[in-house]
Q: 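Please see the structure below; I have some questions.
Atoms within a ligand are numbered from 1 in the order they appear, just like the ligands themselves. Because the structure is predicted, anything quoted here is derived from the model rather than measured.
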Amino acid sequence: MKSIASALVCAAVATGVALASRPEGQCAAVADAWCNAQRPGAPSPINCDSSVAEGPLVTLFDSDAQGGPPQWRCYSRETLNPSRTKYVSGTGYCTRNSSLTDELRNCAAGITTNPTPVFMHGETASNTNTTYPCIRIPSIVRLPESDELLAFAECRRWVGDGCAPVGGAPDDADSTLGRTDWRDVCTKTSTDGGRTWGALVVIANCTMQPTPVVIPPEAGTSQPPTIVLHGNRCPASTVRPSGNVQIVSRDGGKTWSQPEDLLRFLGPDVDGADVGPGVGLRLDSDHPVAPGRLLFIGHRGAYVHDFVWYSDDDAATWKVSDTSTFAGMDEAQLVQVPAHAAAALGAPAGAVMANMRSDHLNKSCDCRAFAISTDGGASFSDVRWDSALISPVCQATIISGASPSGNGSALYFANPASKSQRAQGTVRASFNGAASWPEARLIASSAFAYSCLAPPSAHSPEPSLGLLWETDGGSFQCLGPSCRVVFSSIPTALLAGSAAGSPGPLAA
Ligand SMILES: *[C@@H]1O[C@H](CO)[C@@H](O)[C@H](O)[C@H]1NC(C)=O
Ligand SMILES: *[C@@H]1O[C@H](CO)[C@@H](O)[C@H](O)[C@H]1NC(C)=O
Ligand SMILES: *[C@@H]1O[C@H](CO)[C@@H](O)[C@H](O)[C@H]1NC(C)=O
Ligand SMILES: *[C@@H]1O[C@H](CO)[C@@H](O)[C@H](O)[C@H]1NC(C)=O
Ligand SMILES: *[C@@H]1O[C@H](CO)[C@@H](O)[C@H](O)[C@H]1NC(C)=O
């Protein structure tokens with residue numbers, strides 16, 4: 001083991017800079033906000049231990065009480081010199097090198113991540129007063145005219161499965177409340193592009209796998225969009241455990257119908273397929289085969305079979321697709337391949353792609369599987385593998401949205417870009433219908449599990465993707481990569497390739 005003195009010398013030589021440093025420019029305030037982020041009513045900052053003293057923490061790249069090499073840390077003021085530029089003594093700090101490195105890299109690139117989570121274990125629903133020890137499985141849509149963001153999740157009355165609150169109330173105070181198999185669908189709304197979010201509201205009791213799709217209003221009308229959300233009854237349901245249901249909002253997400261059973265459309269072989277998670281697909285209004293068709297994909301059993309169902313009458317009735325090629329597939333998403341890009345896939349305009357969790361089936365790639373439909377999602381090709389989209393055992397998200405160069409639509413994909421870990425959360429762009437993924441941006445080097453992308457706003461001068469993603473609990477008494485759900489805004493210009501500089505950093 002090296003002596004402390006020689007370790008310090010090595011660090012100084014290796015970095016070639018003064019040992020203590022503050023983040024640069026406006027990113028200092030962003031890092032400080034991360035260090036000090038607080039959940040309302042909670043005793044200590046979310047990202048830093050309760051052992052740290054009261055008062056705003058200061059972000060510095062500096063040493064610790066053992067004289068160790070400098071790392072990014074949140075320091076309480078009494079540990080610093082009077083000008084707060086240097087660590088002096090004491091243990092009132094927490095070392096958050098990897099998370100703060102992510103924050104600072106994202107900040108420098110113009111990516112913002114709210115320091116306050118959208119969903120976090122221990123939150124209470126405003127309309128039912130139920131407190132949930134875990135909230136997982138993020139989903140997000142952007143409404144077409146208002147640009148409102150609607151986030152959905154499973155509010156779970158039990159713990160585990162990537163979210164394991166330990167010790168200290170209030171986080172585990174309610175684990176006695178519920179049955180281990182009980183989940184409710186919850187939502188929150190943001191009217192300011194994801195900077196702030198409204199109250200937690202339960203919209204479907206004993207329901208899971210929230211997977212919405214938006215039907216835009218008829219052009220020229222001022223009606224709010226309709227949102228059709230498919231899910232499954234929770235396993236504890238006394239009505240029909242795991243059965244597929246839909247709820248509908250005709251007022252832009254303010255009120256929702258009661259769950260409607262889909263058994264009579266799906267039949268006993270497909271009913272019970274866990275939908276999504278993520279979002280459903282609405283084909284373009286000028287789609288050559290099935291304009292305005294709504295589609296959902298779901299999996300029955302773990303890696304057993306995927307099914308697709310669709311509606312040509314705005315969710316009044318549903319038909320089941322031919323997915324006989326989807327044996328062994330799991331959680332999946334559907335996307336319409338942008339018209340100009342379909343040819344690169346050897347497919348006609350309007351092709352639909354299924355992108356599926358399947359990695360254990362093909363150990364030579366540990367990647368996402370995909371299949372193409374040329375009949376609007378009524379039937380699909382054989383499954384192939386996309387070796388560019390490496391994946392651990394995890395869900396992923398894929399959408400189409402305005403291309404960064406304004407030359408039509410691009411495909412955007414996000415997942416943990418690792419073959420083995422729920423980490424290295426990365427967003428990618430493809431301009432040729434997923435034939436290649438030339439653009440990638442690392443968002444989170446540490447915990448990143450389930451995620452969902454929202455397309456860029458059509459009205460913003462600086463269009464940004466929304467990304468709702470699961471990460472760990474910070475210091476907040478919860479173990480696992482899915483203790484909280486956070487929102488990031490990612491300018492599409494960062495994924496424009498030569499149009500806006502070099503591809504973003506992507507860890508190997
Ligand atoms: C801390 O983060 C910096 C980048 O910000 C990195 O260069 C360094 O290796 C990290 N140190 C440790 C001990 O992980
Ligand atoms: C929630 O609890 C508060 C305080 O106990 C009470 O005032 C309110 O009516 C309750 N709301 C519901 C929906 O039960
Ligand atoms: C949820 O369903 C359970 C069982 O059917 C019922 O006891 C409970 O009151 C319901 N809660 C709400 C908020 O509807
Ligand atoms: C596994 O994926 C690779 C692409 O990385 C592909 O070449 C290979 O054919 C696939 N294996 C099977 C058994 O399909
Ligand atoms: C659209 O722009 C992207 C770069 O943002 C470029 O790679 C792609 O080739 C363009 N597509 C068309 C059809 O011009």
Side-chain angles (χ1 to χ4, degrees), residues 2 7-8 10-17 19-24 27 31 34 59-64 66 68-74 94-108 325 327-329 337-345 349 356 358-371 381-391 400-412 419 428-442 444-446 456 463 465 491-505 507:
K2 273 190 258 179
L8 272 177
C10 284
V13 169
T15 58
V17 294
L19 283 185
S21 55
R22 270 285 275 169
E24 281 171 23
C27 294
W34 185 88
T59 314
L60 283 180
F61 186 71
D62 207 344
S63 186
D64 61 6
Q66 285 74 44
Q71 295 193 55
W72 286 110
R73 297 184 164 94
C74 309
C94 53
T95 304
R96 297 290 179 267
N97 200 53
S98 150
S99 297
L100 282 167
T101 297
D102 284 342
E103 285 294 312
L104 292 169
R105 185 191 56 248
N106 286 343
C107 174
T325 55
M329 299 294 117
V337 177
H340 70 269
L345 284 173
M356 297 173 278
S358 63
D359 50 343
H360 72 299
L361 283 183
N362 186 341
K363 276 297 164 198
S364 77
C365 77
D366 286 310
C367 61
R368 301 286 296 182
F370 71 96
S381 70
D382 286 342
V383 165
R384 288 185 279 162
W385 275 267
D386 186 339
S387 57
L389 301 183
I390 59 166
S391 179
S400 73
S403 136
S405 313
N407 62 0
S409 293
L411 292 181
Y412 298 103
K419 293 189 173 192
R428 301 173 191 272
S430 172
F431 309 110
N432 57 9
S436 65
W437 295 92
E439 299 297 323
R441 273 275 161 185
L442 177 67
S445 56
S446 49
L465 296 166
T492 57
L494 293 176
L495 296 160
S498 52
S502 57

Q: State the atoms of ligand 4, each with its element, that fall below the 4.0 Å cut-off from a heavy-atom position in Cys365.
A: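 With Cys365 as reference, the close atoms of ligand 4 come out as 2 (O), 5 (O).
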Q: Can the SG atoms of Cys107 and Cys27 be said to lie under 2.5 Å from each other?
A: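 Yes, disulfide present: SG-SG under 2.5 Å.
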Q: At less than 4.0 angstrom from any non-hydrogen atom of Ala496, what atoms of ligand 5 do you find?
A: 4 (C), 5 (O)
Q: Is there a side-chain contact between Ser403 and Ser409 in this structure, where contact means two heavy atoms from C-beta onward sitting under 4.5 Å apart?
A: no
Q: Is Ser403 close to ligand 5, meaning an N/O of one under 3.5 Å from an N/O of the other?
A: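 So ligand 5 has no N or O lying under 3.5 Å from an N or O of Ser403.
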Q: For the CG atom of Leu60 and the SG atom of Cys74, what is their distance to the nearest 0.5 Å?
A: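 Going from CG on Leu60 over to SG on Cys74, the span is 10.0 Å.
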Q: Has the side chain of Asn97 got a donor or acceptor atom that lies under 3.5 Å from a matching backbone atom of Trp72?
A: yes
Q: Would you indicate whether the side-chain heavy atoms of Ser358 and Trp385 approach each other to under 4.5 Å?
A: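 SC-SC contact between Trp385 and Ser358 confirmed.
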Q: Going by heavy atoms in the side chains, are Arg96 and Thr59 under 4.5 Å from each other?
A: no
Q: Taking distance alone, with N or O pairs closer than 3.5 Å, would you say Ser405 contacts ligand 5?
A: yes
Q: Quick one: does Trp385 get an N or O within less than 3.5 Å of an N or O on ligand 4?
A: no
Q: Using a 4.0 Å cutoff against the non-hydrogen atoms of Asn362, which atoms of ligand 4 qualify?
A: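 It comes down to these atoms of ligand 4: 1 (C), 2 (O), 3 (C), 8 (C), 10 (C), 11 (N), 12 (C), 14 (O).
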Q: Quick one about Asp102 and Ser445 (side-chain donor to acceptor, distance below 3.5 Å, no hydrogens or angles considered), yes or no?
A: yes
Q: Have Thr95 and Arg73 got a donor and an acceptor in their side chains that come within less than 3.5 Å?
A: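 The answer is yes; a qualifying pair exists.
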Q: Identify all pairs of nitrogen or oxygen atoms, one from ligand 1 and one from the protein, separated by less than 3.5 Å, and list them with distances.
A:
from     : atom 1 : to     : atom 2 : distance (Å)
ligand 1 : 2 (O)  : Asn97  : OD1    : 3.2
ligand 1 : 2 (O)  : Asn97  : ND2    : 2.4
ligand 1 : 2 (O)  : Thr101 : OG1    : 3.3
ligand 1 : 5 (O)  : Trp72  : NE1    : 3.4
ligand 1 : 5 (O)  : Thr101 : OG1    : 2.8
ligand 1 : 11 (N) : Asn97  : ND2    : 2.8
ligand 1 : 14 (O) : Asn97  : ND2    : 3.3

Q: Can you check whether Leu495 reaches Leu465 side chain to side chain, under 4.5 Å on heavy atoms?
A: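 Yes, their side chains come closer than 4.5 Å.
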